[in-house]
Amino acid sequence: MRIATFNANSIRTRLPVILPWLLEHRPDVLAVQETKVQDSDFPVDPFTEIGYSCAFKGQKSYNGVALITREPLAEIRTGFFPDDTQNGPRLIRGRMGDVWIINAYVPQGRDRDSEHYAGKLEWLNQFRAMLEREYVPDQPIIWTGDLNVAPEPMDVHDPKSLDGHVCFNSELTALFYEVCAWGFHDVFRRHRPDPGEYSYFDYRGATVYKNKGWRIDHILGTRRMLDLSTDAWIDLKPRKIRDPKPSDHTFMIADFQNLPR
DNA sequence: ATGGTAGTAGAACTA
């Protein structure tokens, strides 16, 4: 099983990037964040034409998540609770066979002293509560998405100057590892132990060409999924293209052996 | 230290 994640920064604008990428890499699951489209306008047809199913929850202009899958997902839910309209555009989950897929777009936080940053911490606490309520850690579960957390100094290009940022500070890291302590492991880092690999590069300053990035997109798995994982990597090519225009994030991919029956 | 870019909009806002 191949699972990928991509913050598209508008799924409609990014179709010329996503569709060829899907045909080339054929993941079983592509988790998309920042779709920036309300559900009635989601571009379902281009995906069905190449054999993919879509599950999504979005809104105009901001946020929005989708799961693009080769097989239709079962038990699709958006948000933390049934009928959770407030958090739906940031969280979508479903089951593919025996594997649970959770796709999250964690709030960025804007500024450390803003209510948006407080909301980010609260969102992660609610996420942890959802895990405890609805899952057990010995299930095969993937948690992926734009988590807006760079957990380690090696996950940012300049840890000294960026220390204290809403996506890189000790308070956030502690909370992130508290959530992970429920039962998630870093699948990407298991296979890529060396520094200098990033999934997000600011549009401003040609940062991708200087490798001045952040690893804030993640593929995490419970122990069963970690043990089944065979490889993980970041594909920089879709970030470096000029035409069609790139997202400011790029794809992270992980491969897994099938679950034993 | 500030501002740099892109998307959605059709002026700011979010990142």
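Just so you know, these numbers come straight off a predicted model, no measurement behind them. Throughout, a chain's letter reflects where its sequence line sits, starting with A, and its residues are numbered from 1.
Separating the CZ atom of A/R239 from the P atom of B/dA15 is a distance of 18 Å, rounded to the nearest angstrom. Rounded to whole Å, atom C1' of B/dA6 lies 12 Å from atom CG of A/N7. Rounded to whole angstrom, the span from the CG atom of A/D202 across to the P atom of B/dT2 amounts to 17 Å. Atom NZ of A/K36 is separated from atom P of B/dC13 by 15 Å (rounded to the nearest Å). The CZ-P distance, from A/R12 to B/dG7, rounds to 13 Å in whole Å. Rounded to whole Å, atom P of B/dC13 lies 10 Å from atom CZ of A/R110. A/L147 has its CG atom 15 Å from the P atom of B/dA15, to the nearest Å. For the pair A/R204 CZ and B/dG7 C1', the interatomic distance rounds to 13 Å; values are reported in whole Å.
For A/T13 and B/dG7, the shortest distance from a side-chain N or O to OP1 or OP2 is not below 4.0 Å. Side-chain N/O atoms of A/K245 include one lying less than 4.0 angstrom from OP1 or OP2 on B/dG7.
Listed nucleotides: B/dA9, B/dC13, B/dA15. Nearest to the side chain of A/Y62: B/dC13. Here B/dA15 is the nucleotide among B/dA15, B/dT8, B/dG7 with the atom lying nearest to any side-chain atom of A/Y105. In the set B/dA9, B/dA15, B/dA6, B/dA15 carries the atom at the smallest distance from any side-chain atom of A/Q108. You'll find that the side chain of A/R14 is closest to B/dG7, out of B/dG7, B/dA15, B/dT8. In the set B/dA15, B/dT5, B/dT8, the nucleotide with an atom closest to the side chain of A/E34 is B/dA15. Checking B/dA6, B/dA9, B/dA15 against the side-chain heavy atoms of A/K60 singles out B/dA9 as nearest.
A donor-acceptor pair shorter than 3.5 Å can be found between the side chains of A/E34 and A/N7. In the model, A/Y198 has no side-chain atom that pairs as donor or acceptor with a side-chain atom of A/R239 under 3.5 Å.
Map A/H249 and A/G205 each onto its nearest nucleotide of DNA chain B; the residue landing nearer the 5' end is A/G205. Both A/Y200 and A/T35 sit near DNA chain B, but only A/T35 has its closest nucleotide nearer the 5' end.
The gap from the P atom of B/dT2 to that of B/dA6 amounts to 23 Å, rounded to the nearest Å. Taking atom C1' on both B/dC13 and B/dA9, the two are 10 Å apart, rounded to the nearest angstrom. Look at the P atom in both B/dA1 and B/dA11: the space between them is 36 Å, to the nearest Å. B/dA15 and B/dG3: their C1' atoms are spaced 15 Å apart (whole Å).
The OH atom of A/Y117 sits 4.0 Å away from atom CZ of A/R112, with the distance rounded to the nearest 0.5 Å. Here the CG atom belonging to A/D231 is positioned 10.5 Å from the CZ atom belonging to A/F256, to the nearest 0.5 angstrom.
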Which is it for A/R189 and A/M154 under the side chain to side chain contact (heavy atoms under 4.5 Å, CB included) test, yes or no, and what are the steps along the way? CA-CA 11 Å; A/R189 198 50 92 195; A/M154 72 186 292; 3.4 Å; yes

